[in-house]
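To start, the structure itself, in structure tokens.
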Amino acid sequence: MIFRIKNYLQDKDNYRSIVVMILTLSSSLIGIFSHKLIIKNYSTDILEFYLLTVSWFLLTSSFFQFGSRPTYVTLREDGDNQLNYFFTSSIFGILNSIFFGYVTYVLIKKYLVGSIYYESLFIVIPLFFLVQTINIFISFYLISINKSVQGILLTFLNLPISFTFIYFKTFNNLFFGFILSHLISLIICLPFLLKLIDYQKVNFSIKSLKSNFVKNFPLSIKYTFSDFIDVLTNRVSVFFLAYYANDLTEMVEFSIALSLLKISMIGINSLSTVYVSKLFDSIKSKSGEFLIIFNKIRFSFILISLSSFFAIYFLGEQAILYFYSEKYIYAFRLLMILQFGQLIHSFFGPISLVAILAGFPIMVATLKLFFTTIMVIFNLLFFDKYGLDVLAFSYVGLLFFWNLTLLFKMKSYFINKRAY
């Protein structure tokens, strides 16, 4: 047994998957503990407001990140140009993040609680968007050059720092701690980043920046649309509850279910993070490596999803009571429904990721938008009668029909690769 574990760890990809999984799991657990402390040291109202702000960041970030992660991975074919385009898109992304920070402030200010939040958030929310965007851009770039551990580590470091600020209630305004923690983590990683960059490949001239932007902008638009629809699908129920139902308590219950679902998906996301660049290389290659990687990932998805389903079934209710109190206990029922959907999603394997990396992000996003629209219509028709359950079940239906349609759309591609 020990010999098998040793051989498994000698595979660099497996080793990186485990490290990324540990970092991602730690991130999610720290995030959940932070939610508990926010309730204790601030209030449930502040937690509700914070989760709504984060939801808007996740949705709008699709626009100012320009589909960063898949864009950078596909630029592996043009290595000399990759670094230049990274800086080009980063400049535009950083400027746009400030703008969308102000847009978010306008969209959520009706939920502001207390004068200290109302007076300061006009500046704080754009800064909150800005510092996260800087770190995310750098993290995606590191992942694209096969330094997934360093990329995840950069986004991880701010979490224990912000947790400390929340624990001691260092700032009366919750968001100050998050902003400072991102800046500190960036400063810690800066020496490593400066050593990594090959400055001979960086050209900051206006002509070079413009040329790179014009050349790669159409590619970015495709992935931006894909990223936006992906986040919209995951968060549309949160916005539905906040603005249509006008109930932040139910919004938090659904957000809690999504947060715990994210923990159960850590293994799947870690594998995707580590293998994304290798999967892309195998798609472009005529060798049979793609078949091995795809089937390996799909099999791992199924095992991880089954394990997480039973773990959540036995531990999920106790976790919600411990971290969030009985006020949000209905989140457990929602979580189990969403877990069932994730299990269905895993049985299809990384079909959507393959389709995106193979150059079909518009098709993937369009199909998802179509089924998301049906989901929203379904919610509007039946929410008043069936409540939160209809939002969770419609999400499961979306995952099933979206994956099934993708399977038929990509069937000929997989036949050529002999994956099916």
Side-chain angles (χ1 to χ4, degrees), residues 18 20-52 54-55 58 156 159-160 162-169 174 234-235 237-238 241-242 245 247-271 300-346 386-396 399:
I18 292 173
V20 169
M21 194 181 302
I22 292 172
L23 288 174
T24 310
L25 176 61
S26 300
S27 299
S28 297
L29 291 176
I30 292 173
I32 297 296
F33 273 104
S34 296
H35 292 172
K36 180 180 177 65
L37 286 177
I38 290 172
I39 294 175
K40 178 182 177 182
N41 292 340
Y42 294 89
S43 69
T44 56
D45 290 337
I46 297 300
L47 175 66
E48 292 168 359
F49 171 66
Y50 166 71
L51 290 176
L52 181 58
V54 170
S55 295
L58 292 173
F156 167 79
L159 293 170
S162 62
F163 179 85
T164 304
F165 290 148
I166 297 171
Y167 182 84
F168 292 104
K169 200 178 180 180
L174 177 68
N234 292 330
R235 291 285 163 173
S237 296
V238 172
L241 293 168
D247 190 330
L248 289 190
T249 298
E250 289 188 337
M251 183 211 74
V252 170
E253 287 177 327
F254 208 92
S255 296
I256 290 170
L258 288 175
S259 296
L260 294 177
L261 180 69
K262 181 180 177 182
I263 292 179
S264 70
M265 291 170 57
I266 282 173
I268 291 174
N269 292 335
S270 299
L271 283 169
S300 299
F301 277 11
I302 295 171
L303 288 181
I304 292 170
S305 293
L306 283 171
S307 300
S308 64
F309 181 87
F310 288 108
I312 290 294
Y313 177 78
F314 289 109
L315 302 175
E317 188 172 10
Q318 290 78 6
I320 291 171
L321 288 172
Y322 177 77
F323 289 109
Y324 296 101
S325 80
E326 193 174 356
K327 178 181 179 181
Y328 302 115
I329 192 58
Y330 200 79
F332 175 68
R333 176 178 171 84
L334 300 174
L335 175 60
M336 290 308 303
I337 298 172
L338 295 177
Q339 276 289 148
F340 182 70
Q342 183 56 42
L343 190 60
I344 293 174
H345 180 64
S346 298
Y386 297 103
L388 287 173
D389 282 1
V390 73
L391 273 68
F393 279 114
S394 64
Y395 182 79
V396 173
L399 288 178

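Positions are given from 1 along the sequence.
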Around atom NZ of K327, are there more than 12 heavy atoms of other residues, nucleotides or ligands at under 6.0 Å? yes
Can you confirm whether more than 12 heavy atoms, excluding those of Q318, are under 6.0 Å from its CD atom? yes
Of the non-hydrogen atoms in [X] and [Y], which two are nearest, and what is the gap between them?
X    : Y    : result
I320 : A331 : CD1-C, 3.7 Å
V238 : S255 : CG2-OG, 3.7 Å
I312 : Q339 : CG1-OE1, 3.7 Å
S34  : F163 : OG-CD1, 3.4 Å
L261 : L335 : N-CD1, 3.6 Å
V396 : I337 : CG2-O, 3.2 Å

Only counting residues at least two apart or in another chain, list the ones meeting ring pair (Phe, Tyr, Trp, His ring centres under 6.0 Å) with Y324. H35
F156 meets the ring pair (Phe, Tyr, Trp, His ring centres under 6.0 Å) criterion, sequence neighbours left out, with none
M336 vs F332 side-chain heavy atoms within contact, under 4.5 Å: yes
Min side-chain heavy-atom separation F33-Y322 under 4.5 Å: yes
Can you measure from CG (D389) to OG (S394) and round to the nearest 0.5 angstrom? 10.5 Å
When you measure from the side chain of N41 to the backbone N and O of F168, does any donor-acceptor pair fall under 3.5 Å? no
With side-chain contact (heavy atoms from CB on, under 4.5 Å) as the criterion, how do L51 and V252 come out once you've worked through the C-alpha distance, each side chain's angles and the decisive distance to 0.1 Å? CA-CA 7 Å; L51 290 176; V252 170; 4.1 Å; yes
Checking side-chain contact (heavy atoms from CB on, under 4.5 Å) for the pair L258/N234: CA distance, chi angles, key distance, verdict? CA-CA 8 Å; L258 288 175; N234 292 330; 5.5 Å; no
